Amino acid sequence: MTMTLRTRDGGRTAVADERIDELRTAFQGPLITPDDPGYDESRAVHNGMFDRHPGLIARCSGAADVIDAVGLARERDLLVAVRGGGHGIAGHCACDEAMMIDLSAMRGVWVNPAERLVRVQAGATWGDVDRETQMFGLAVPGGVVSTTGVAGLTLGGGLGWLHRKYGLTCDNLAAVEIVTADGALLRASETEHEELFWALRGGGGNFGVVTAFEFHAHPVGPVVMYGAAMYAAADAEEILPAWRDWTAGLPDEVTSRAMFWSMPATPLLPQEVQNRDVFITAAVYAGPPEDATTILGPVGRFGTPLADLSGPRPFRDVQRLLDWMFPKGQLRSYWKSVTVRELGDDVLGVVLRRGLDRPHPTTLVHVPQMGGAVQRVGANDTAFGDRSAQYIVSIDGNWTDAADTEANMRWVRDAFDEVNALPSASGTYLNFSSDLDLDSAGRQTAFAGNLDRLARVKRDFDPDNCFRLNNNIRPAASSS
């Protein structure tokens, strides 16, 4: 008997059972085939748009398993997908008939409170990290949904509630351990494999399989001041400009965002907002909560809110507030985003019109605030593409019925095109992008002046483009 797996060139290759048995003997984690119990659960990803069937799932328990899995892929030219938390909106972590290197069992988190360093295995989620770090009153800047994987968010940049005070997630990296295409386990930092370390801070999963991250942590929590008010969406014409004007003068301790959404009928929400289209303004203060009451007060005073949820909250709770709105596998999602240098009236006009005309209640028109510490890192100091932006306009299409897919995707693309055509548009944030393949224009938009350097790092560490199921950067031509 043999197993047929997909190769990088689109062909198929037969891998004998004896070779799989040999790998299984060495492996600490399980090797899961389509015939094995638990296969369907193992291949499931967060975005319900994707129902893909890998030919082999190598669920790794540590770096040694990753090295062996990469060795098999190299030996047989296998197409490889790498899964961390499985949250990536573009679904790159699963591919039909390919080998999935699955890191989801590698979820360890170790905190060194004295040095404020946190070591995180690559399959961990932000909920795992917050659980451990908050025991010491520390936090690593991460996402806003606790089930998000650490690896994908970090390698693509990383926005959350703390980035204006402490920078992007990738800005807080101290070191990375990575298995490269030749099977080597490397440590990259400011003093070790410096070019690789530069590329990993924003260049995505192009350069190998990260097995662990080491982060700088910061004093946050355990309680923070949280501001959140829900207004009737119909009032957003007045509230959105007021929120924009307020955010322009905020200290770095405050990170804010605004969004159009529709609230379902659920006991998790106040009665006043259930089954309502709403416009939400929200913010977190990354400092002592007693210092924030006055600063965050305007969040609930831009108009007359349907509900004001502001107040001190445990930081872990803030990190989990949106989890229930993104149930695994139940939403079909297609997102696109535009970074903007300013939130002028022309941008507000598109945001308002699109926010009031969303095709499905679970679709968001979402405007996170940037600036602050994000802009104090040089444009070329990391691979992250656009640090000039003051805001991001993210068009987050979500729906439930497969029959609505074409219409919803077209709506997202049209809304994206409108914002992207405006003078203040400056780039895109790839963690909020569902495009499976970046064309040359898309790569240039995403990585700007860092693209050529990234291509050289790709050539040095993955010259054959083994790791291509990602926001892919083609290797530069050989210098020899």
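Only a predicted model underlies this, so the values are computations on that prediction, with no experimental measurement involved.
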Under the side chain to side chain donor-acceptor pair (under 3.5 Å) rule, what do Tyr231 and Asp308 come out as? Steps first, then yes or no, please. CA-CA 9 Å; Tyr231 300 89; Asp308 189 345; over 6 Å; no
With [X], which residues qualify under side-chain contact (heavy atoms from CB on, under 4.5 Å), at least two apart?
{"X": "Leu196", "answer": "Ile178, Leu186, Ala188, His193, Leu200, Phe207, Val457, Phe461"}
{"X": "Arg52", "answer": "Phe50, Ala94, Asp96, Leu436"}
{"X": "Asp235", "answer": "Ala232, Ile239"}
{"X": "Asp323", "answer": "Val145, Ser146, Thr147, Arg320"}

Residue pairs passing the salt bridge (Lys or Arg N to Asp or Glu O under 4.0 Å) test with at least one member in residues 200-213, sequence neighbours excluded, are Glu190-Arg201
Under a 4.0 Å N-O cut-off, is there an ion pair linking [X] with [Y]?
{"X": "Asp317", "Y": "Arg313", "result": "no"}
{"X": "Arg59", "Y": "Asp65", "result": "no"}
{"X": "Arg413", "Y": "Glu418", "result": "no"}

Could you give all pairs that pass the side-chain hydrogen bond (donor to acceptor under 3.5 Å, both in side chains) test and reach residues 236-250, with sequence neighbours left out? Trp243-Ser256, Arg244-Asp345, Thr247-Tyr391
Sequence neighbours excluded, every pair satisfying side-chain hydrogen bond (donor to acceptor under 3.5 Å, both in side chains) that has a member inside residues 280-294: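 Residue pairs passing side-chain hydrogen bond (donor to acceptor under 3.5 Å, both in side chains), neighbours aside: none found.
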About how many Å separate [atom2] of [Y] and [atom1] of [X], when rounded to the nearest 0.5 Å?
{"X": "Gln330", "Y": "His46", "atom1": "CD", "atom2": "NE2", "value": "9.0 Å"}
{"X": "Leu159", "Y": "Asn431", "atom1": "CG", "atom2": "CG", "value": "7.5 Å"}
{"X": "Trp110", "Y": "Leu117", "atom1": "CH2", "atom2": "CG", "value": "14.5 Å"}
{"X": "Arg474", "Y": "Leu451", "atom1": "CZ", "atom2": "CG", "value": "10.5 Å"}
{"X": "Phe432", "Y": "Thr339", "atom1": "CZ", "atom2": "OG1", "value": "12.0 Å"}
{"X": "Ser333", "Y": "His360", "atom1": "OG", "atom2": "NE2", "value": "10.5 Å"}

Quick check: closest heavy atoms across [X] and [Y], and the distance to 0.1 Å?
{"X": "Gly397", "Y": "Thr363", "result": "CA-OG1, 3.6 Å"}
{"X": "Ala446", "Y": "Leu430", "result": "CB-CD1, 3.5 Å"}
{"X": "His92", "Y": "Leu469", "result": "CB-O, 3.4 Å"}
{"X": "Val377", "Y": "Arg387", "result": "O-CD, 3.2 Å"}
{"X": "Ser388", "Y": "Arg341", "result": "OG-CG, 3.8 Å"}
{"X": "Gly160", "Y": "Thr255", "result": "O-CG2, 3.7 Å"}

Does anything in residues 145-167 pair up under ring-ring contact (aromatic ring centres under 6.0 Å, His included), and if so which pairs, sequence neighbours excluded? Tyr166-His218
Aromatic ring proximity, centroids under 6.0 angstrom, Phe279 and Phe260: yes
Are Trp261 and Phe326 an aromatic pair, judged by ring center distance below 6.0 Å?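 Between Phe326 and Trp261, the centre distance is under 6.0 Å.
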I'd like to know whether Asn398 forms a side chain to side chain donor-acceptor pair (under 3.5 Å) with Trp335, so could you lay out the CA-CA distance, the side-chain angles of the two residues, the decisive distance to 0.1 Å, and finally the verdict. CA-CA 8 Å; Asn398 305 294; Trp335 299 1; 3.1 Å; yes
With [X], which residues qualify under side-chain hydrogen bond (donor to acceptor under 3.5 Å, both in side chains), at least two apart?
{"X": "His216", "value": "none"}
{"X": "Arg453", "value": "Glu195"}
{"X": "Ser433", "value": "none"}
{"X": "Thr400", "value": "none"}

In the structure I gave you, are the side-chain heavy atoms of [X] and [Y] within less than 4.5 Å of one another anywhere?
{"X": "Leu138", "Y": "Arg116", "result": "yes"}
{"X": "Val129", "Y": "Phe213", "result": "no"}
{"X": "Trp411", "Y": "Phe416", "result": "no"}

Stepwise, does the side chain to side chain donor-acceptor pair (under 3.5 Å) test hold for Arg276 with Ser262? CA-CA 6 Å; Arg276 293 290 300 264; Ser262 300; over 6 Å; no
Pair Leu296, Val254 - check side chain to side chain contact (heavy atoms under 4.5 Å, CB included), show working. CA-CA 8 Å; Leu296 295 192; Val254 181; 3.8 Å; yes
Side chain to side chain contact (heavy atoms under 4.5 Å, CB included) assessment of Arg187 paired with Glu192: CA-CA 7 Å; Arg187 178 180 170 88; Glu192 308 157 280; 3.2 Å; yes
Evaluation steps, side chain to side chain donor-acceptor pair (under 3.5 Å), between Asn472 and Asn206: CA-CA 6 Å; Asn472 196 233; Asn206 274 283; 2.9 Å; yes
Quick check: are there more than 12 heavy atoms from other residues, nucleotides or ligands sitting under 6.0 Å from CZ of Arg316? yes
Given the rule in the side chain to side chain contact (heavy atoms under 4.5 Å, CB included) test, do Asn47 and Leu331 qualify, once you have shown the distances and angles that lead to the verdict? CA-CA 6 Å; Asn47 188 346; Leu331 295 178; over 6 Å; no
Please walk me through it: do Asp252 and Lys165 pass salt bridge (charged side-chain N to carboxylate O under 4.0 Å, His left out)? CA-CA 5 Å; Asp252 292 352; Lys165 175 63 175 176; over 6 Å; no
